[in-house]
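Counting convention: from 1, in listed order, for ligands and their atoms alike. Along the sequence shown, the residues carry numbers beginning at 1.
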Amino acid sequence: MSTSADLFARALELIPGGVNSPVRAFRSVGGAPFFTRSAHGATLVTVEGRELIDFVGTWGPAIHGHNHPRIKAAIATALENGTSFGTPNPYEVEMAALITKFFPSIQKVRMCNSGTEATMSAIRLARGFTKRDKLIKFSGCYHGHSDSLLIKAGSGALTHGNPDSAGVPAAFAQETVVLPFNDPAALDAAFAANPGQVACVILEPYIGNVGFIQAKPGYLAHIRQACTKNGALLVFDEVMTGFRLARGGVQELEKITPDLTCLGKIIGGGLPVGAFGGRKDIMDLLAPLGPVYQAGTLSGNPLAMAAGIAALKLLDETNPYARLDTLARQLHSAVLSAASAKGLPVQVPQCGSMLSIFFTASAVTDYATAVQTDAKIFGRFFQTCLRNDVFLPPSAWETLFVSTAHEGAAISRACEVMTQAIREL
Ligand code: KE4
């Protein structure tokens, strides 16, 4: 079997940067990525046979750990009947029923194949419904890589220093108003400066793509009221937080009703799935009923639907959110106490199974404070953890994901490794 180094050398000849998604490239933390041969529970197994405790969780989907037997069995059963039909299939109806059950704000839902497609389609729908062109987003929020949203974006765009991607026409960019997160006055000013022009406000209600940042108390309610007052739609991008922080996402925790919601990650059970949904009067503008076009060859794919349905049913049966919060709090406490013993400034925002580690003295409440984190220290921390077989997201501006599979030995070992890694900084 080739080593990760052999595979990466070959990949670099064939794939830009050797990766199919930039954030996997380790460029901001140094070194070269390992290649994974298999994944089970809380563990990734590299092609060298190394077993790593994984806190990337394939960037969010693996809330039950990797390759959960229930999800694996669901895919195997679906596979007996074929991989794709190009016609409606029963799984799509079951998936739509599950999503609308857990998200009361979603009266109708359309499946697609990625979070990018979900948010791209949601803003097109918002523009079609309101007949307005402008949209408001927030610095550091990452909504996938469609042109209108790759402005001051987070995740890999921020990690690689190009939050405003090349190749986006100025004409597109000027329709996107970018504001600081957690700043109600900035939102009110933007609406005042663009009267009757804003189709929607799109946000990650808790941001996971500039590291983890929660909305301040009352902030989401303020956005809701401002959208209603100004005739703009409120779009929650819950691709990461949907089914992650609660079965009904942040909108369940904060009791806010958006007009549209975007989903992804967990609803695919590890296979490529996205979805967007919301008010029936808005969703019915979509083709084939209405004038807003949106489509997808593999949308509602039976294998992906079967995997996602198994993942969501497991969440419904086990309701693991309190357990996940307890597990993540162990990491939170371990890092905070090690850093305080060393007199090292650190912030460890955590909610449920999501947390980030910022090496900075000030509270991280928005993009401007998040970019104050010392990415070099993070890189050293990341590498020490990896040397001790704990794999964190390879970027100072991503979120760690804890799964139910981390319970027991994995979380204890990770706390030990992270404590020691802080001591060695
Ligand atoms: P995808 O197109 O990557 O499926 O989803 C885009 C997206 C949309 N909205 C939110 C809130 C997201 O977090 C994402 C994707 N998240 C990143 C992780 N920070 C994906 C990892 C990657 O780009 O490889």
Proximity winner for atom 21 (C) of ligand 1, if only heavy atoms of F236, W397, W59 are counted: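 Of the listed residues, W59 has the closest heavy atom.
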
Heavy-atom nearest option to atom 5 (O) of ligand 1, drawn from C141, S146, G115: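 Nearest option to atom 5 (O) of ligand 1, by heavy atoms: G115.
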
Between F34 and F391, does the ring centre distance come in under 6.0 Å?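 Yes: the rings meet the under 6.0 Å criterion.
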
Centre-to-centre under 6.0 Å for F401 and F55, is that the case here? no

Flag atom 19 (N) of ligand 1 as yes if some protein heavy-atom distance to it falls below 4.0 Å, otherwise no.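 Given the 4.0 Å limit, the answer for atom 19 (N) of ligand 1 is yes, a protein heavy atom qualifies.
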
Only heavy atoms of [X], strictly under 4.0 Å: list the atoms of ligand 1 that pass.
X    : answer
S114 : 2 (O), 4 (O)
S155 : 17 (C), 18 (C), 19 (N)
E398 : 18 (C), 19 (N)
E204 : 11 (C)

Is it the side chain (CB and beyond), the backbone, both or neither of E238 that lies under 4.0 Å from ligand 1, heavy atoms counted? neither

Which one holds for K265 and ligand 1: side chain close, backbone close, both close, or neither close, with close meaning a heavy atom under 4.0 Å?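 The side chain, only.
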
[X] and [Y]: side-chain donor and acceptor closer than 3.5 Å?
X    : Y    : answer
Q214 : N182 : no
T241 : E238 : yes
H406 : S403 : yes

Do me a favour and list the nearest non-hydrogen protein atom to [atom] with residue, atom name and distance?
atom                    : answer
atom 24 (O) of ligand 1 : S21 OG, 2.6 Å
atom 13 (O) of ligand 1 : N209 ND2, 2.9 Å
atom 10 (C) of ligand 1 : Y142 O, 3.3 Å
atom 2 (O) of ligand 1  : T116 OG1, 2.7 Å
atom 7 (C) of ligand 1  : G144 N, 3.8 Å
atom 9 (N) of ligand 1  : D237 OD2, 2.7 Å

I'd like to know whether [atom1] of [X] has more than 12 heavy-atom contacts from other residues, nucleotides or ligands below 6.0 angstrom.
X    : atom1 : result
F35  : CZ    : yes
K134 : NZ    : yes
R27  : CZ    : no
F85  : CZ    : yes

Between S4 and T46 (side chain of the first, backbone of the second, donor and acceptor by atom type, cut-off under 3.5 Å), is there such a pair? no

Strictly under 4.0 Å, does any heavy atom of V23 approach an atom of ligand 1?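 Contact present.
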
